[in-house]
Amino acid sequence: MFQEYIEIRGARENNLNNVSLRIPKRKITIFTGVSGSGKSSIVFDTIASEAQRLLHENFSLFIRSFLPRYAQPDADAIENLSMAIVVDQKRLGGGAHSTVGTVTDIYSVLRLLFSRIGQPYVGHTNVFSFNDPQGMCPSCNGVGRQIGVNLDVFLDFSKSLNEGAIRFPDYEVGKWDWAICTQSGLFDNDKKLADYTEAELTQLLYGKPYKVKTQVAGKPFNLTFEGIIDKFTRKFITRDVTTMSERTQRMVEPYLAYGACPLCKGSRLSQAALSCKINGYNIADLSRMEVASLLEVIRTLEDVAAAPVLAVLTQRLQHLVDIGLEYLTLDRPTDTLSGGESQRVKIVKHLSSSLVDVMYIFDEPSIGLHPRDVHRLNELLQRLRDKGNTVIVVEHDPDVIQVADHIVDVGPYAGKRGGQIVYEGSFAGLLHSDTLTAQHMRQSLPIKENVRTAKGKLPITNAKINNLQNVSVAVPVGVLTVVTGVAGSGKSSLILQAFLQQHPQAIVIDQQPIGTSTRSNPATYTGILDDIRKAFATANNVSASLFSFNSEGACENCQGLGVVYTDLAALGEIKSPCEVCEGKRFKDEVLDYRLNGKSITDVLAMTVQQALDYFNIKKILSKLQAMSDVGLDYLTLGQPLSTLSGGECQRIKLASELHKQGSIYVMDEPTTGLHKSDIRKLLAILDHLANAGNTVVVIEHNLDIIRNADWIIDMGPEGGTRGGRVMFEGTPQQLLSAKHSITSAYLEERVYGA
């Protein structure tokens, strides 16, 4: 049979070096290579972007004005593309009104089932929706919880307003909200809150809007005083704080008190919806069940009128089981899912599709998967291929790479030293090649035998968060501890919640993505640019803001972007270099200022390694060294974060925390996006931290990290309610003998090849 190919000729996106290649259609093609080598530039910035751009061109100009816009990739030709479905690493958000059930559309099918056969009949499907006024609980507006203010944290009753009795940052002494409060004339500003009468306290907390006349810059000014709790509620609770910025959430979180809604008991629904039942279960009861248990209940239902609905529901629930998410519940908020869980939930939506000859593009789908569950992912990829689809995957996991029909290895290294195709062919051929990927796949790290001795213990006592079953365990001090277990077993609950609650001083490096834009770069994210600007300002006796392309020093023509966008309405935007600054982003007069012979643009064009040789300022050098230690010495200081790969972003986040002084480090799956060669560098960093006396706790599935731990805590035995227990505590060598541990079997296979 004639084999069709996707043809790419002369691709030059980001660091691609005039790449040309042929990708077989209706096969599984896996792209691998070191982080930053150019894999994502080929797969996402070239193939996926062009496929989505061409699809949108089929719509009218009016429709296209509402769709995302994709620029034409920098390539000579991209041919034979199919419609693309992209499943990326972005975590699902959605706030309090988005759940696993709503995002997969399974809850919509469940609502249809209750509207058909639920008794007593209470209405159509919208009556069972907590996002619809007819279905949501009137007390909590469908959120399921009532959020209030913790007054004991919000207020210090032993102080007066002038002494800072209101602890919330917006009301700090001297700030605007504090000034409105104290100038309202309603309160004795020197009277301690503990001495307030009930009426005075009510006025302060819940007072209705009140006009206040005051003086601003010597002129009369009208302001409005509003009860501080009412104002806080309006700004942060009514608007759903979970949809706000991470910084705002961190500021507000300590002052909130959460509790289940007393009317709906957390179910989110109206009393009418909750009164409708099938076999004794209402829709909230079924939504609270783990998917595996819910599937058993659905299979017991027999009703001719609902047969098609039951068939669809069974199929979609089975897909969640097949992909390893049987421990989730339909009412689980999507913003509580990990990156790996988010990606697999997205995949479920496409499994029922009858479309063929589609191009499915996956970005490291093995993220968050225990080695036990990788085979489920492989079966999914093969099923999609066998239906006649083209499957393209960016991946580092050897167990996923080996199921490929075709492999493209990109390299040889990262950044400007990458962007080339170093191997194309089968998995067997890859193992016999001399690429960096092949070299590290042939090598096997030994299991650690000489482990560090703990200097004490950090206890976690009686943890019952989420699925933890009254867990008490100790994290040893001054060593590298790896917490592992199958997905949903309770690792994150144990460490990111229980451990951090009891030991809040820890420095946490989690999976939250870093903010990426054309205005952010490695220098701004790590804080190096602030120190560089101060150094330039001191050397030239001028303002530091001159050396920021986001402030006073920005080129006025392009506002510091370095490029100018010409809007062609529905035809999209054309990006061209700024004619005034020629892409340098700064005003000409700023570039006349020098530091050791270099302008600010010259410095931002330096790689991390070049900057290490150039600077002699200790504060800057420590941050640069941290970036070099995580393998990012090839990045330029001014490279936009929006052009970096997921693995590079993960390591920049790691580098930004490493220069901090702390005795406890907690990392959540730091190998995300890392090539096997990069994992060696990560291990060196972990060892360096532990050798310096720090306590390092890593949540991880990667067997190379597990085998090099000093201490292992294995959670399980399964996910959800069947997990939440400590299955093993001990050294890697002892884990090999723990036959009751699922992790033990896979570690033994990797070490001995059994």
Side-chain angles (χ1 to χ4, degrees), residues 290-293 320-328 337-341 343-344 365-380 396-400 402-403 444-445 447-448 460 463 466-473 475 480-496 498 668-672 679 697-754:
E290 291 184 0
V291 167
S293 301
L320 281 172
V321 173
D322 292 342
I323 208 166
L325 296 174
E326 68 278 356
Y327 59 88
L328 293 183
L337 298 176
S338 69
E341 288 170 334
Q343 194 170 27
R344 282 178 283 157
S366 68
I367 289 173
L369 281 180
H370 188 274
R372 193 276 304 269
D373 298 318
V374 170
H375 74 91
R376 294 177 172 180
L377 171 64
N378 291 342
E379 289 169 1
L380 161 67
H396 293 297
D397 191 319
D399 292 331
V400 179
Q402 66 183 356
V403 303
S444 180
L445 290 173
I447 195 162
K448 181 183 280 188
I460 304 172
N466 299 328
N467 70 329
L468 296 180
Q469 299 184 25
N470 201 28
V471 170
S472 293
V473 68
V475 173
L480 170 58
T481 298
V482 173
V483 181
T484 188
V486 299
S489 59
K491 305 181 298 296
S492 296
S493 299
L494 181 70
I495 301 301
L496 298 182
D668 186 12
E669 297 193 38
T671 62
T672 297
I679 290 174
V697 185
V698 180
I699 301 171
E700 192 54 79
H701 294 120
N702 186 281
L703 292 172
D704 286 339
I705 301 293
I706 293 171
R707 75 176 80 185
N708 281 278
D710 298 307
W711 193 256
I712 295 170
I713 299 174
D714 190 31
M715 301 295 293
E718 296 289 342
T721 56
R722 294 185 293 165
R725 289 184 283 155
V726 176
M727 302 303 296
F728 169 82
E729 291 180 82
T731 66
Q733 195 69 46
Q734 292 168 339
L735 178 60
L736 289 175
S737 304
K739 300 305 179 185
H740 58 286
S741 164
I742 294 175
T743 305
S744 173
Y746 286 88
L747 182 62
E748 184 177 18
E749 180 180 345
R750 186 63 59 88
V751 172
Y752 298 116

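Numbers here simply count residues along the sequence, with the first being 1.
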Between atom CZ of Arg344 and atom CG of Leu377, what is the distance when rounded to the nearest 0.5 Å? 8.5 Å
Indicate the atoms forming the closest heavy-atom contact of Ala487 with Gly368, along with that distance. CB-O, 3.9 Å
Criterion side chain to side chain donor-acceptor pair (under 3.5 Å) against Thr671, the qualifying member of Glu700, His701, His396: Glu700
Smallest separation among heavy atoms of Val482 and Ala709, with atom names: CG2-CB, 3.5 Å
Say whether, by atom type as modelled, one donor and one acceptor occur between the side chain of Lys491 and the main chain of Gly485 under 3.5 angstrom. yes
Let me have the donor-acceptor pairs involving side chains of residues 320-327, under 3.5 Å, with sequence neighbours excluded, atom names and distances please.
{"unit_1": "Asp322", "atom_1": "OD1", "unit_2": "Gln318", "atom_2": "NE2", "d": "2.9"}
{"unit_1": "Glu326", "atom_1": "OE1", "unit_2": "Arg376", "atom_2": "NH1", "d": "3.2"}
{"unit_1": "Tyr327", "atom_1": "OH", "unit_2": "Glu341", "atom_2": "OE2", "d": "2.6"}

Supply the atom-to-atom distance Ser472 OG to Ile460 CD1, rounded to the nearest 0.5 angstrom. 9.0 Å
Is there a donor-acceptor pair closer than 3.5 Å between any side-chain N or O of Asp710 and the backbone N or O of Leu480? yes
Nearest 0.5 Å, what's the CD1-CD1 distance between Ile705 and Ile679? 6.0 Å
How close do Leu735 and Ser741 get, counting heavy atoms only, and between which atoms? CD1-OG, 3.7 Å
Point-to-point distance, once rounded to the nearest 0.5 Å, from CZ of Arg725 to CD of Glu718: 10.0 Å
Under the side chain to side chain donor-acceptor pair (under 3.5 Å) test, which residues partner Asp397, sequence neighbours left out? none
Verdict with reasoning, Thr481 to Ile713, per side chain to side chain contact (heavy atoms under 4.5 Å, CB included): CA-CA 7 Å; Thr481 298; Ile713 299 174; 4.2 Å; yes
In this structure, CD1 of Ile712 is separated from CE of Met727 (nearest 0.5 Å) by 14.5 Å
Measure across Arg372 and Val486 and return the closest heavy-atom pair with its distance rounded to 0.1 Å. NH2-CG1, 3.5 Å
Short side-chain to backbone donor-acceptor contact, Asp668 and Ser492, under 3.5 Å: no
Which atom names give the shortest non-hydrogen contact between Asn467 and Gly490, and what distance separates them? OD1-CA, 3.6 Å
Measure across Thr743 and His370 and return the closest heavy-atom pair with its distance rounded to 0.1 Å. OG1-NE2, 2.9 Å
Note, Met715 side chain near Leu468 side chain (heavy atom, < 4.5 Å): yes
Would the distance check show the side chain of Glu729 and the main-chain N or O of Val473 forming a donor-acceptor pair, the cut-off being under 3.5 Å? no
For residues Pro732 and Ile706, determine if any side-chain heavy atom of one lies less than 4.5 Å from a side-chain heavy atom of the other. no
Got a donor-acceptor contact below 3.5 angstrom from the Thr484 side chain to the Asp714 backbone? no
Is any side-chain N of the basic residue among Glu748 and Lys739 closer than 4.0 Å to the acidic one's carboxylate O? yes
Would a distance-only check, ignoring hydrogens and angles, find a side-chain to backbone donor-acceptor pair under 3.5 Å from Thr731 to Gln734? yes
